[in-house]
Amino acid sequence: MPENVITRFPPSPTGYLHIGGARTALFNWLFARQRGGKFILRIEDTDEQRSTDEATAAILTSMEWLGLSWDEGPYFQSRRYDIYNEFIDRLLSSGQAYHCHCSPETLERQRQEAKSKGLKPKYDGTCRNLDLGPAPGSVVRLKTPLSGTTQFNDLVKGPIRFSNEELDDLIIRRSNGSPTYHLAVVADDISLGMTHIIRGDDHVNNTPRQILIYKALGEPIPQFAHLPMILGPDRTRLSKRHGAMSVLAYRDMGYLPHALLNGLARLGWSYGDQEKFSLEELIEKFSLDHVGKAAGVFNAEKLLDLNAWHIRESSDESLAERLRPFLEKEGFVDLDSGKMAAVASILKVRSKTLVDMIEGARFCLSEDIDYDKQGDDKFLKQDVVVLFDKLCGRIEAIAEFNQNGIEKLFAQFLEAEQITLRKLAQPLRVALTGKTASPGIFEVMEVLGKETVINRIKKAIAYIRSKTDG
RNA sequence: GGUCCCAUCGUCUAGCGGUCCAGGAUAUCGCCCUCUCACGGCGAAGACACGGGUUCGAGUCCCGUUGGGACUACCA
């Protein structure tokens, strides 16, 4: 029998999508995709004070960039109050909920008293059996069982049970008429047909309360899977002070979405000794029972290495495409994509990020180059002028200006001059790229093209002469 | 304070009672490759929090201790 899996990702639009949220989204997405089910996006924007349109937009952009496509939504909780009210009314009319007239001040006082006595602060049930009607300032509470236990079998943590005495009659409708978080979540998850709730384990303590709402409603209870938290290097919960934590920041630093997804997947989940996964493999191999229980520190170094690997694995063409926005930001608008692919092909083995790659590609992006101080001092010296001059002559004469032809030319030239490539390559590298580190010198020459190579060698000769004459 | 969850190299983790004097990845350090930088190859160093059980045998099961974390709102 095919199980129709439906999962969801319900971010609050109070900030950017950070990597913790992204991982939760990823696991839900993978689970749904693997089982041919549905993945739903829902924006939990019931907190009008803290929710912003910018945050919503940033979350959607992040999801799209990551490629975590959703099948339904985004649903906005702020537009679903009718649904929540229906659920609340159902609870009210079946006697599972009641109006409570206790004032916030009274409640707060009771909490303080309980705390000072070392007791658990919970609602004392004053209005529970008073059969009160609605009134200004009153709230609606769920009538929860006074005894017994509420338990569930967490798909990652195993069986978890709570004594009902720990749970009090939670508010489900505020005095301003709006539904509270727990009610809205359950109402949504029921009405959207959720089968699996995969979320951070900061919600395990919320789960029994929500189960009680399902039960009061007489609705089937979905499966729960609580993911361990992601921690910063100091082992505290991930937050802004840990540096770049938003998904978009990784995009802007030149990470590939698949690399981030790969890294996020391996934070908490494992598949034997395998570290590197394509998206397809992730979908195929993901499984909740290989999700670990312990919170983990987000390891930026490892992600960087993964990104380098994903860059190496990417096709030159796709890299050229990924590079485009970065280039445009620097004003390079009409670059030939064939050339960019060629550049990517020689740079991808030595770039950990797309930004690195742009940096490495500088020498062939613009007409003029600057010499690194170190390279200049060490390699652009009088003794290479003659060599450069002779080399230039040979290059001008060559017909086949590609790696192969260039390599042959060099073999002959080195033979004739009785020198090693070692002696020639570094000065030439500085002359052509301005740097002491670059892709192989023959590759650099081919990408640059004959004309540019000759121009730069001549320019270097002139520069050295001016330098030594002066 | 209470409730719940968690605990293997610095970090991410494999391990689902014997095949573990604990494996992989990353980071670090050597060596090799080499026109530079990378990539790649080889190697070094590095962990079962502690204490009790259970068992012929425990990283693996149970209890406790310690240490983390989450929740404890008319916030989500």
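Bear in mind that the values here come from a model prediction, so they are computed numbers and not experimental data. Numbers restart at 1 for each chain; the letters A, B, ... are given by sequence-line order, proteins then strands.
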inquiry  = Could you walk me through whether A/Asn402 and A/Glu400 satisfy the side-chain hydrogen bond (donor to acceptor under 3.5 Å, both in side chains) test, starting with their C-alpha distance in whole Å, then the side-chain angles of each, then the deciding distance to 0.1 Å, before giving a yes or no?
reply    = CA-CA 6 Å; A/Asn402 56 31; A/Glu400 191 195 355; 3.1 Å; yes
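Aromatic ring orientation, A/Phe277 versus A/Tyr271: perpendicular (interplanar angle above 60°, classes split at 30° and 60°).
Residue-level contact check: A/Arg173 touches neither bases nor backbone, having no heavy atom under 4.0 Å from any strand. In this structure, A/Gly360 reaches neither bases nor backbone, as no heavy-atom distance under 4.0 Å exists between it and the strands shown. Residue A/Asp305 is classed as a sugar-phosphate contact, given heavy-atom separations below 4.0 Å to backbone atoms only. The residue A/Ser438 sits close to a base: some heavy atom pair falls under 4.0 Å. Residue-level contact check: A/Pro439 touches the bases, meaning some heavy atom is under 4.0 Å from a base atom. A/Val139 comes within contact range of at least one nucleobase, with a heavy-atom separation under 4.0 Å. Among the protein residues, A/Gly440 comes within range of the nucleic acid bases, having at least one heavy atom under 4.0 Å from a base atom. Here A/Glu275 lies in heavy-atom contact (under 4.0 Å) with a base.
When rounded to the nearest whole Å, the span between CG of A/Asn299 and C1' of B/U28 equals 13 Å.
The base of B/A70 sits within donor-acceptor range of the side chain of A/Asn205, with an N or O pair under 3.5 Å. No N or O donor and acceptor, one from the side chain of A/Thr180 and one from the base of B/C74, sit under 3.5 Å apart. Remark: the A/Arg422 side chain and the B/C35 base include no donor-acceptor N/O pair separated by less than 3.5 Å.
One finds a side-chain N or O of A/Thr46 lying less than 4.0 angstrom from the OP1 or OP2 phosphate oxygen of B/A76.
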